[in-house]
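Here's the structure we're looking at; comments come further down.
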Amino acid sequence: MSNIPDVSHFSSLDNKRLIESDKAHYMHGYHAFDEHRQHGSLNITQGDDAYIRDAQGQQYLDAVGGMWCTNIGLAREEMAQAIAEQTRQLAYSNSFCDMANDRAIQLSEKLAELAPGDLDRVFLTTGGSTAVDTAIRLVHYYQNCRGKHEKKQIITRINAYHGSTYLTMSLGGKQADRPEEFDFLTDGIHHLSCPNFYRAPEGVNEAEFLEGLVAEFENKILEIGPERVGAFLAEPIMGSGGVIIPPAGYHRRMWEVCQRHDVLYISDEVVTSFGRLGHFFASEAEFDIQPDIITTAKGLTSGYQPLGACIFSERIWEVIAEPGAGRCFSHGFTYSGHPVACAAALKNIEILEREALLPRAREVGRYFEQRLRTLEDLPIVGEVRARCFMACVEFVADKTTRTLFPEALNIGEWVHLRAQKRGLLVRPIVHLNVMSPALTLTHEQVDFVVDVLRESILETLEDLR
Ligand code: PLP
């Protein structure tokens with residue numbers, strides 16, 4: 001953390017008061033209430049490149065990348081300048097009706113240029129959830145415009161994550177965890193199996209597993225009726241679900257099923273775009289598909305501003321915006337096309353291109369994958385799943401049977417806490433440690449991540465005895 005001032009003097013009293021205030025007023029999503037009451041939170045006050053520092057001055061290499069999002073790294077002066085300049089020039093303007101602003105227009109043009117095929121139309125949103133929500137509304141709108149009013153059922157996968165609004169949380173298949181705590185929409189949403197080969201039935205090889213998944217999809221469409229299925233929604237690699245890398249050819253085969261049954265393919269690239277997998281968009285470059293709709297957010301601004309986008313095909317546009325039909329898409333958010341957020345995205349893309357961070361991510365990403373896989377020799381590491389700058393370590397109580405530790409043990413948290421005290425942050429999700437660091441990570445920093453993880457897992461093993 002060379003180029004930011006040390007504010008660790010801000011610790012003790014001020015921080016103690018803030019921690020108490022945090023407990024008293026600030027409700028965090030996904031933080032167990034009892035944990036929060038007892039231990040409070042880690043108050044982060046500074047960030048620089050791949051590092052963050054807490055209020056006590058403790059520095060961490062943030063292998064979480066904020067939340068899959070700090071792609072170009074933190075504390076970039078030119079990002080601060082672009083944001084400040086835009087704030088001075090035009091801090092806000094809406095994108096409703098006939099209103100537009102330079103930055104929103106420029107960003108839409110740039111996204112159309114970067115997105116695959118004829119994905120030339122852009123609707124700007126406030127983040128990933130609103131991008132996915134927009135995509136579903138667009139599917140419904142499109143089908144209505146075609147007179148296919150029944151064709152609106154959406155098929156997704158168990159263990160997917162598509163956001164935290166009522167609709168997007170229902171689309172994700174993770175609700176099975178605690179169904180008693182939240183209500184979910186069930187009408188019009190169907191879930192397929194998660195394409196996790198590590199959890200495939202015993203004796204099934206990868207090719208058979210793939211055939212089973214494709215057949216399940218096609219059968220599901222036939223069961224619902226192709227005339228009722230509007231879209232298939234999938235992350236290229238499931239992120240929060242545990243970096244699930246599907247069997248080779250999976251997306252292409254699922255896309256072909258969509259083509260056969262006139263089902264739109266929505267690729268949720270909120271995590272996988274803007275370099276995380278070494279490309280601006282992974283759908284075509286990594287998975288050989290041309291989706292009808294791509295949703296993105298996170299790395300779009302590298303977290304410097306909240307922003308998302310729903311990018312869709314000219315084919316959809318031609319139907320919904322048929323000349324003379326007199327329609328308009330009655331949808332939008334106050335902060336759609338926010339000029340400051342769009343200025344941040346434009347500068348972020350400029351940096352990704354100028355510094356050739358995408359090819360760099362592919363190169364260092366390969367090293368990251370290889371080094372992480374060396375952890376598989378440890379007795380509680382069941383599998384390391386890694387592709388470029390998305391990675392996950394899955395812990396198991398028994399490597400042969402792949403049996404998990406009891407959920408209440410929270411094994412991911414055990415390793416995470418031991419890594420944290422060594423200056424590394426990973427994201428614990430029950431029996432997983434998930435990682436998505438800044439794309440600027442060096443080979444030495446990769447070594448640090450893997451070495452610290454090894455020590456932390458070994459210490460966990462000792463403590464478990
Ligand atoms: N889609 C995917 C694949 C995500 O991983 C996320 C967030 O992690 C979202 C959508 C929701 O994005 P946001 O939190 O910006 O609303």
Side-chain angles (χ1 to χ4, degrees), residues 28-31 62 64-71 123-139 154 156-175 177 184 189 191 194-196 231-246 251 265-277 279 281-283 286-287 291 293-311 333-336 338 341-342 344-345 348 385 387-392 426-429 432 434-437:
H28 310 210
Y30 296 98
H31 196 179
D62 178 19
V64 188
M67 182 57 80
W68 315 94
C69 64
T70 58
N71 293 16
F123 193 96
L124 295 169
T125 71
T126 56
S129 305
T130 48
V132 176
D133 221 300
T134 298
I136 301 301
R137 293 204 77 198
L138 183 64
V139 169
I154 309 291
T156 73
R157 286 100 44 88
I158 298 285
N159 225 20
Y161 185 80
H162 296 294
S164 213
T165 59
Y166 188 19
L167 171 62
T168 55
M169 190 48 100
S170 305
L171 289 164
K174 296 183 91 185
Q175 65 264 40
D177 292 354
F184 293 92
I189 299 174
H191 292 111
C194 172
N196 182 1
F232 173 60
L233 166 67
E235 301 152 83
I237 290 180
M238 284 176 166
S240 307
V243 185
I244 306 299
I245 304 166
H251 285 295
Y265 193 113
I266 310 171
S267 187
D268 184 355
E269 292 227 36
V270 165
V271 169
T272 55
S273 50
F274 294 94
R276 187 133 308 279
L277 293 182
H279 306 277
F281 294 99
S283 298
E286 283 282 310
F287 300 100
I293 303 175
I294 288 181
T295 50
T296 180
K298 297 192 188 268
L300 172 58
T301 62
S302 285
Y304 280 80
Q305 289 283 301
L307 184 68
C310 170
I311 310 169
F333 307 100
T334 300
Y335 301 120
S336 284
H338 194 290
C342 293
N348 176 58
R385 291 185 286 274
R387 178 74 71 89
C388 203
F389 272 71
M390 283 179 86
C392 162
V426 292
R427 182 165 167 230
I429 309 180
L432 307 171
V434 173
M435 284 159 279
S436 55

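We count ligands from 1, going down the list as the structure has it; atoms in each ligand are counted the same way. Here the structure is a predicted model, which means the values were calculated and not measured.
In this structure Thr126 satisfies the side-chain contact (heavy atoms from CB on, under 4.5 Å) test together with Thr130, Phe333, Tyr335, sequence neighbours excluded. Checked against side-chain contact (heavy atoms from CB on, under 4.5 Å), Ala131 has the following partners two or more places apart in sequence or in another chain: Thr125, Thr295. Remark: Cys392 pairs with Val243, Arg385, Leu432, Val434 by the side-chain contact (heavy atoms from CB on, under 4.5 Å) rule, at least two apart or across chains.
In this structure, Phe184 has its ring center at least 6.0 angstrom away from the ring center of Tyr166.
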Step by step, work out the side chain to side chain donor-acceptor pair (under 3.5 Å) result for Glu235 and Thr272. CA-CA 8 Å; Glu235 301 152 83; Thr272 55; over 6 Å; no
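In this structure, ligand 1 sits under 4.0 Å from heavy atoms belonging to Gly127, Gly128, Ser129, Tyr161, His162, Gly163, Glu235, Asp268, Val270, Val271, Lys298.
A donor-acceptor contact closer than 3.5 angstrom links the side chains of Asn348 and Ser302.
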